[in-house]
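Any value given below was found using the heavy atoms of this structure, including those in side chains, with hydrogens, waters and symmetry copies removed. Just follow the structure's listing: the first ligand is 1, and inside any ligand the first atom is 1. These numbers were taken from a predicted model, which means no experiment stands behind them.
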Amino acid sequence: MFIRAGILAASVVATGLVYRRLNHVAAGAVETPRIEGVTMPPTTTAEASGFRVDDAETSFQDITHYNNFYEFSTDKDGVAPAAANFETNGWQVSVEGLVRKPRDFNLDELLKISPPEERIYRMRCVEAWSMVIPWVGFSLSKLLDVVEPLSEAKYVAFETLLDPRRMPGQRSDVLKWPYVEGLRMDEAMHPLTLLASGLYGRALPPQDGAPIRLVVPWKYGFKGIKSIVKIKLVATQPRTTWSEYAPNEYGFYANVNPQVDHPRWSQASEQRIGESGRRPTLMFNGYEEQVGHLYAGMDLRANF
Ligand code: MTE
């Protein structure tokens, strides 16, 4: 469990790995359509140099069978089977609030906003495990540009689908539904912030947040809200699921920071899934050159 289960993060990882070794979790029928026309983003400028990291990519099997998605299961190995038949036909995303041109997008319209790019990002979960994922998507800023934010917009609030029939985990009150997240406007407009529709060149499998999710590589993984139906530009800091659940453990910013420990475990190192041993956690998950300026002068211990 993510929280309050009395299990330390390291043992959560260990349990998952041992479980998979002992049970040889089947490859699982994760067959989603290939995404046409995937382009490679430029990596020449300082900002863009974070678009593709050199670290070895985590296997497709691990990315799609070791998941956090409480709408389906609180058991990492249980998400893939529970989400297997998730229906995303007719998906709509409303982009609204403090914008000049609010609009409902169907998925086709949304995906046509900008060519799909492959971005190879590190992902560091607050539980101290990490992966390297070849996402497909485009910068969230491209979508926000289409709706024309007003100057009063200071934050962006995101919301996951609320439908206990299709998301059976929502029948329990383990979290307050729908899952919500938020970013400051400058974070949302940063080119690294990705609206992802795929991974490994294929459409997102349900367990990874089909059909569209957020990826913010310098923040803990819980900021990467899945299966988004609403994006609202707002004037004040929006509520977020985990910081509301345990405000002393999960902050609004949630920037990866090896110097600021979680109250119940160290954040200094991490378990890269598929590797043995631990590796040091990098400041801003290794994206300090790209994003450090966003937090200049800010007390990162107070704003964790
Ligand atoms: N989004 C929703 N809607 N529900 C969730 O439970 N879990 C978060 C995040 N997005 C979650 C979510 C957490 S804790 C993490 S670490 C990542 O998704 C995991 O993404 P992955 O399963 O694709 O690796």
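When each atom of ligand 1 is checked for a heavy atom of Asp208 under 4.0 Å away, the hits are 21 (P), 23 (O). Atoms of ligand 1 found under 4.0 Å from any heavy atom of Asn67 (numbered from 1 in listed order, with element): 21 (P), 22 (O), 23 (O). Within ligand 1, the atoms closer than 4.0 Å to a non-hydrogen atom of Tyr70 are 5 (C), 6 (O), numbered from 1 in the order shown.
Pro41 places a side-chain heavy atom less than 4.5 Å from the side chain of Arg119. Using a 4.5 Å cut-off on side-chain heavy atoms (C-beta onward), Lys176 and Thr241 make no contact. Side-chain contact between Lys76 and Asn68: present, with at least one pair of heavy atoms (C-beta onward) separated by less than 4.5 Å.
Ligand 1 has no N or O atom lying under 3.5 Å from any N or O atom of Trp135, backbone or side chain. Where the criterion is an N or O separation shorter than 3.5 Å, residue side chain and backbone included, Thr160 meets it with respect to ligand 1. Annotation: Gly224 places an N or O atom under 3.5 Å from an N or O atom of ligand 1; distance criterion only.
Summarising the contacts of atom 4 (N) of ligand 1 with Glu181, Glu71, Arg124, the nearest heavy atom is found in Glu71. The heavy atom nearest to atom 16 (S) of ligand 1, out of those in Gly209, Ala80, Cys125, is found in Cys125. The heavy atom nearest to atom 22 (O) of ligand 1, out of those in His65, Lys226, Arg213, is found in Lys226.
Contacts with ligand 1 closer than 4.0 Å are made by side-chain heavy atoms of Tyr179 only, the backbone lying farther away. The side chain of Met123, and not its backbone, has at least one atom closer than 4.0 Å to an atom of ligand 1 (non-hydrogen atoms only; side chain from C-beta on). Contacts with ligand 1 closer than 4.0 Å are made by no heavy atom of Glu127, backbone or side chain.
Considering all non-hydrogen atoms of both residues, Phe60 and Leu199 come closest at CE1-CD1, 3.6 Å. For Ser141 against Met189, the heavy-atom pair with the smallest separation is CB-O, 3.6 Å.
Note on ligand 1: Ser227 sits outside its first shell, no heavy atom being nearer than 4.0 Å.
The aromatic rings of Trp242 and Tyr70 lie perpendicular to each other, with more than 60° between the two planes, well past the 30° mark.
Side-chain rings of Tyr250 and Tyr220 stay apart, their centers remaining 6.0 Å or farther from each other.
The cluster map of Ile, Leu, Val, Met, Phe, Trp and Tyr, joined by side-chain heavy atoms under 4.5 Å apart, puts Phe72 and Val180 in different clusters.
Annotation: cation-pi geometry not satisfied between Arg184 and Phe252 (NZ/CZ under 6.0 angstrom from ring centroid, within 45° of ring axis).
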